[in-house]
Amino acid sequence: MHGLAFGLVTISNSTVAIDVMPAARRNEGIGYYALSTNIAMAVGPVVSLYLLDVFKGYDYVFLTSLVSGIVGICCVLMIKAPVRKKENKEVISFDRFFLVKGLPCAVVFTLLAFSYGILTTYVAIYGVEEVGLTTGTGFFFAAMAGGIVLSRLLSARLMKRGKLNEAVLIGTLLMIVGYSIFIF
C-alpha cells in the first residue's frame, strides 16, 4: 500500500509542479522541487533519530510523521493547479507508457537509487551495532543533506551551460568515490 501511494504521490506531485511552473523557469523549478524532496529524505532520518534518542520510543517518531503528513495534505489542498484541456483520444500503445529511449538512463538511475536505499536504510543501525556509536548517527544524514544542497547549487551552473552529461558523469564518479570511502 505504501509503495502504491508513494508512486502515485510522486508522479502526480511532479506533474503538478511542472504544470504550475512558468516555462521559462522550468529547469530551475524542477531543480528546486527535486532539492526539496532530497532534503526531506535526508533530514527526515535526522529528525527521527533525534526524537528516538530524546523520547526513547517510537511514539513521537510516528506522531511527527503523521503531523507532517497532515500538514502536507493541507498544503496540497491549497495548490491551484491549472485545468488541463482534454486531449484527443489517442490509441493506447506500449510506447505511451514506456519510453524505450529512456531505458539506459532508467537502469543507471535505478542502480544508483538502489545503492542509496541500501546505504541510507542501514547506516544508523550499522553505526550503533557495528561501530558502537550511541549518539550522532544523525550526523550522516545532516552531512548528506548539506551535500545535496551543495551539489544542486553546483550542478545548476553546469546545467545552465548545457553540460548535462558532464553533470551526470561528475555526480556518478563522486558517488562511486563516496561509496568507496564509506565501505572502507
Side-chain angles (χ1 to χ4, degrees), residues 1-21 26-53 55 57-84 92 94-127 137-152 155-156 159 167-168 171-172 175 178-179 182:
M1 285 178 61
H2 174 74
L4 177 65
F6 190 78
L8 288 170
V9 167
T10 54
I11 295 298
S12 58
N13 281 349
S14 301
T15 303
V16 170
I18 290 168
D19 282 351
V20 299
M21 289 178 210
R26 195 160 285 150
N27 284 344
E28 182 182 2
I30 291 170
Y32 286 127
Y33 175 77
L35 178 63
S36 69
T37 304
N38 292 137
I39 289 175
M41 293 184 81
V43 172
V46 175
V47 172
S48 66
L49 289 169
Y50 173 77
L51 292 171
L52 189 61
D53 189 45
F55 295 107
Y58 292 97
D59 292 344
Y60 286 98
V61 173
F62 290 117
L63 181 63
T64 303
S65 180
L66 178 64
V67 169
S68 174
I70 291 169
V71 169
I73 289 171
C74 292
C75 290
V76 165
L77 292 173
M78 292 188 291
I79 295 173
K80 303 290 186 215
V83 178
R84 289 177 156 233
I92 295 178
F94 182 72
D95 63 339
R96 280 197 62 198
F97 299 100
F98 189 79
L99 183 61
V100 177
K101 290 181 183 179
L103 187 59
C105 285
V107 169
V108 169
F109 288 123
T110 299
L111 292 172
L112 291 174
F114 182 75
S115 60
Y116 168 84
I118 290 172
L119 186 65
T120 57
T121 301
Y122 295 105
V123 72
I125 297 167
Y126 175 79
T137 52
F139 177 73
F140 171 82
F141 296 102
M144 188 169 68
I148 288 169
V149 171
L150 181 63
S151 71
R152 290 284 181 191
S155 65
M159 302 278 279
V168 171
T172 304
M175 282 184 77
Y179 285 156
F182 187 78

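- Rounding to the nearest 0.5 angstrom, the gap separating the OH atom in Tyr58 from the CG atom in Leu51 is 12.0 Å.
- Side chain of Ser48 to backbone of Pro45: a donor-acceptor contact under 3.5 angstrom is found.
- The minimum heavy-atom distance between Thr64 and Val47, with the atom names listed, is CG2-CG1, 4.5 Å.
- Applying the 6.0 Å contact sphere to OH of Tyr50 captures no more than 12 heavy atoms from other residues, nucleotides or ligands.
- Every residue meeting the ring-ring contact (aromatic ring centres under 6.0 Å, His included) condition with Phe55, not counting sequence neighbours, appears here in chain and number order: Tyr60.
- In this structure, SG on Cys75 lies 12.0 Å from CD1 on Ile70, to the nearest 0.5 angstrom.
- To the nearest 0.5 Å, the span separating CD1 on Ile18 from CG on Asn13 amounts to 11.0 Å.
- Between the OG1 atom of Thr172 and the CG atom of Leu111 there is a distance of 11.0 Å, given to the nearest 0.5 Å.
- Between Thr110 and Ala106 the shortest heavy-atom distance is OG1-O, 2.6 Å.
- Applying the salt bridge (charged side-chain N to carboxylate O under 4.0 Å, His left out) test to Asp19 and every residue at least two apart in sequence or in another chain returns Arg84.
- What you find for Leu8 and Ser12 is that their closest heavy atoms are O-OG, 2.7 Å.
- Summarising the geometry of Tyr33 relative to Ser14, their closest heavy-atom pair is OH-N, 3.4 Å, with the distance given to 0.1 Å.
- You'll find the side chain of Ile118 reaches within 4.5 Å of the side chain of Phe114, heavy atoms only.
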